[in-house]
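Quick caveat: nothing in here was measured; it's all calculated off a predicted structure. Throughout, numbering of the chain's residues begins at 1 and tracks the sequence.
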Amino acid sequence: MTIVVEDTGGSGGHPVIPAARRYRITGWVGFVVAVVATVTLSLLHQAFQLSMLLFSLALLITVVGFVALLRQLKAQAAMLASQERRLVAQASELERKIEDLELNNKELAEAMTAETAARIEVVRHAAERERALALLNSAVLSAPFGFVFLDLTLHIVLANATFARMRGIPLESVAGLSLRQMASPLLADEAEEFAKRVITTGEPVLQLHASESSNQPEGRTLQMILNFYPVRTSTGEVLGVAIIAIDVTERELLEEQMRQAQKLEAVGRIASGVAHDFNNLLTVIRSYCDLVLLDMPGEWQSREEVEEIRCAADRAAALARQLLSFGRKQVVLPRPMILNEIVTSMESMLARVLPAEVGQSVRLDPNLGTVKVDAGHVEQVILNLAINAADAMRTGGTLKITTENSTLDFKHSGQHGGVVPGEYVLLTVSDTGIGMDKSILSHIFEPFFTTKPIGEGTGLGLSSVYGIVQQYGGHVEVESEPGVGTTFKVYFPRVPEPVSAVVHADAKPNVTTSAATETVLVVEDDPAVRSTLSRILTRLGYAVLEAGHGGEAMRISAEHGGPIDLVISDVMMPEMSGKEFIDRFSVTRPRSRVLFMSGYADDEVARMGLISGKEAFIEKPFTVEQITAKVRDVLTSR
């Protein structure tokens with residue numbers, strides 16, 4: 001048996017392994033010798049004693065080897081124990097050093113983490129600042145206002161696309177230009193002075209108004225407001241000038257349109273007030289002319305003079321209607337209809353109005369939408385535009401009338417102040433005449449403005465067109481160039497209602513001349529109109545009661561013992577309106593019929609339902625024939 005002890009890497013430097021190796025060899029040699037001797041002696045059956053001796057010797061050698069081995073093992077064990085103690089001490093020291101190292105590493109890691117976090121925060125803030133600057137730069141470059149940055153020498157360092165477009169210069173050509181090269185000649189001195197003031201004082205200079213027509217498309221004049229601001233460093237030092245250029249062309253155009261609308265509205269109120277009183281006077285004049293003509297023989301020598309008075313009154317009535325149309329105070333009776341029917345019915349009349357050298361061209365959309373208008377008003381619009389076109393084509397030309405459906409969007413509304421987006425029917429009237437320049441176009445809708453010689457025009461034709469269209473919630477646009485012609489575009493709102501039969505403004509009433517026997521109460525605050533109306537009704541056979549206002553009419557009604565078959569009441573009266581009076585009157589006399597009259601449209605007329613045809617109504621100034629037919633119609637209606 002052999003025990004092998006091998007060195008596992010001890011560090012004492014003792015020769016343990018060589019000794020063990022020698023004793024192991026010796027043991028094996030002895031053992032082999034003994035075995036060989038025994039086998040040999042056994043086989044040969046000789047020298048048995050010698051074999052035993054040799055065997056014993058080999059066994060002794062083996063024992064000695066084992067003893068030496070054990071001694072060596074004991075020494076090695078002691079050495080290993082000592083080495084283990086040293087290793088334990090070294091391990092303890094190493095653990096202490098590791099703990100110190102871990103503590104140092106933890107502190108270092110914490111310090112590095114804090115420093116890293118601080119650096120990350122700095123980087124993040126820098127990235128955010130860079131991103132914010134990039135966004136600011138992008139916003140400025142794409143802003144709807146012009147932006148220019150000038151250095152201290154007043155040369156352009158940076159400009160955006162809006163500024164380049166406003167100046168009509170390619171963006172890539174702007175950088176490097178001086179302020180004087182960039183600005184228009186009329187503006188250069190003032191702009192340079194303001195920029196230098198900003199650099200010197202460090203204070204902004206605001207609201208420099210400028211007009212720029214050069215380099216603008218279609219000769220458009222650009223209206224701008226320029227603001228100059230100092231650009232400073234973080235220490236407050238001025239390093240340049242920023243110019244903000246705001247295009248206010250559209251805004252000033254809308255402001256001008258608003259001023260014109262306000263002026264027209266004010267004039268319209270005055271004109272409407274005058275026309276209201278004028279209509280009362282014309283009612284008296286026309287009615288008395290009719291009464292005189294009824295009593296005057298046909299061969300009477302003064303009949304022609306009275307008829308001239310009657311014709312003058314008719315012309316004055318037309319003038320009053322134009323004033324009321326302009327002021328949008330004319331009483332209207334709108335009906336759903338197709339404009340094509342009105343245009344078609346007027347073609348023959350227009351042929352008589354237009355000069356022989358002026359031709360007509362009519363193109364109507366067969367799928368035209370429905371509008372709710374008064375046929376007489378539309379006829380007045382077409383006739384006024386046609387007459388205006390004929391005056392512009394004294395040497396010949398063509399009058400073109402077209403109809404079509406149209407949709408106005410919010411963009412169109414923004415370009416034409418006051419236009420409501422929606423569905424419209426477009427009536428276009430154009431001519432090939434002399435045209436108008438911008439100075440005339442800005443005044444054409446003003447009342448009494450005319451380019452005709454004195455005595456040839458009242459200046460109310462186009463203003464009445466404007467008033468009529470506005471009254472229906474429509475819109476009028478005009479385009480004109482000298483030597484090219486003029487085009488009027490009239491937009492009427494489309495409605496979804498079924499079409500009614502067209503009743504033309506010149507339609508004659510159906511007059512009934514049968515004798516009258518009913519009692520009529522006339523309530524009118526104008527004494528002349530009240531007296532005229534009473535005389536007409538009395539001549540027709542009616543029993544007439546008169547009152548100057550609603551309170552007096554209520555007293556007369558209470559004192560009158562017989563029936564009151566009809567009340568004819570003005571709408572606008574002092575103390576109480578016509579509607580308030582009728583509301584009270586109807587409580588005591590519910591069976592009496594009512595006929596309203598007025599020459600002026602306002603909110604009270606609309607509330608009473610007169611415009612929609614819910615109540616019987618006659619418009620001033622009326623003729624004897626018209627009031628006779630209307631009274632008979634109301635009395636006989638169910």
Side-chain angles (χ1 to χ4, degrees), residues 125-126 128-259 411 414-415 417 438 442:
H125 281 302
E128 289 181 353
R129 185 166 58 251
E130 184 177 354
R131 185 166 57 252
L133 290 174
L135 290 174
L136 178 60
N137 184 63
S138 176
V140 170
L141 292 178
S142 60
F145 55 80
F147 174 82
V148 183
F149 173 59
L150 306 174
D151 60 18
L152 295 179
T153 64
L154 302 185
H155 284 76
I156 298 176
V157 177
L158 176 68
N160 66 358
T162 303
F163 171 79
R165 185 170 59 253
M166 292 169 66
R167 286 293 298 119
I169 303 174
L171 180 60
E172 59 273 11
S173 304
V174 174
L177 294 177
S178 67
L179 176 59
R180 181 168 291 276
Q181 290 174 317
M182 174 270 296
S184 63
L186 297 177
L187 187 63
D189 291 339
E190 196 170 10
E192 192 172 78
E193 177 188 349
F194 285 179
K196 290 179 179 178
R197 187 190 307 173
V198 170
I199 294 174
T200 303
T201 65
E203 298 295 329
V205 177
L206 308 179
Q207 300 293 316
L208 170 61
H209 291 263
S211 296
E212 176 62 63
S213 58
S214 62
N215 298 327
Q216 296 303 315
E218 301 177 357
R220 186 171 67 101
T221 299
L222 183 68
Q223 302 293 330
M224 295 181 293
I225 293 179
L226 303 180
N227 296 323
F228 296 74
Y229 299 92
V231 179
R232 304 177 184 274
T233 63
S234 57
T235 60
E237 181 183 357
V238 177
L239 57 86
V241 180
I243 302 178
I244 305 296
I246 303 174
D247 185 353
V248 295
T249 306
E250 296 296 333
R251 188 182 75 182
E252 293 196 358
L253 178 61
L254 291 176
E255 289 177 353
E256 178 62 26
Q257 291 177 349
M258 180 62 70
R259 286 192 292 269
K411 180 181 179 180
Q415 295 172 345
K438 292 183 178 179
S442 61

Closest approach of [X] to [Y] (non-hydrogen atoms, all atoms of both residues):
| X | Y | answer |
| --- | --- | --- |
| Pro230 | Gly202 | CG-O, 3.3 Å |
| Leu152 | Gly240 | CD2-N, 3.9 Å |
| Leu226 | Ala245 | CD2-CB, 3.4 Å |
| His155 | Gly176 | CD2-O, 3.3 Å |
| Glu203 | Val198 | O-CG2, 3.5 Å |
| Ala195 | Val241 | O-CG2, 3.8 Å |

With distance as the sole test, does Asn160 use its side chain to make a donor-acceptor pair with the main-chain N or O of Phe147 at under 3.5 Å?
->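 A pair under 3.5 Å: yes.
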Can you tell me how far apart [atom1] ([X]) and [atom2] ([Y]) are? Round to the nearest 0.5 Å.
| X | Y | atom1 | atom2 | answer |
| --- | --- | --- | --- | --- |
| Ile243 | Leu150 | CD1 | CG | 4.5 Å |
| Phe228 | Glu193 | CZ | CD | 10.0 Å |
| Ile156 | Leu179 | CD1 | CG | 7.5 Å |

Please step through side-chain contact (heavy atoms from CB on, under 4.5 Å) for the pair Ile199 and Leu154, ending with a clear verdict.
-> CA-CA 10 Å; Ile199 294 174; Leu154 302 185; 3.7 Å; yes
side-chain contact (heavy atoms from CB on, under 4.5 Å) between Phe149 and Leu239: does it pass, once the steps are laid out?
-> CA-CA 10 Å; Phe149 173 59; Leu239 57 86; 3.5 Å; yes
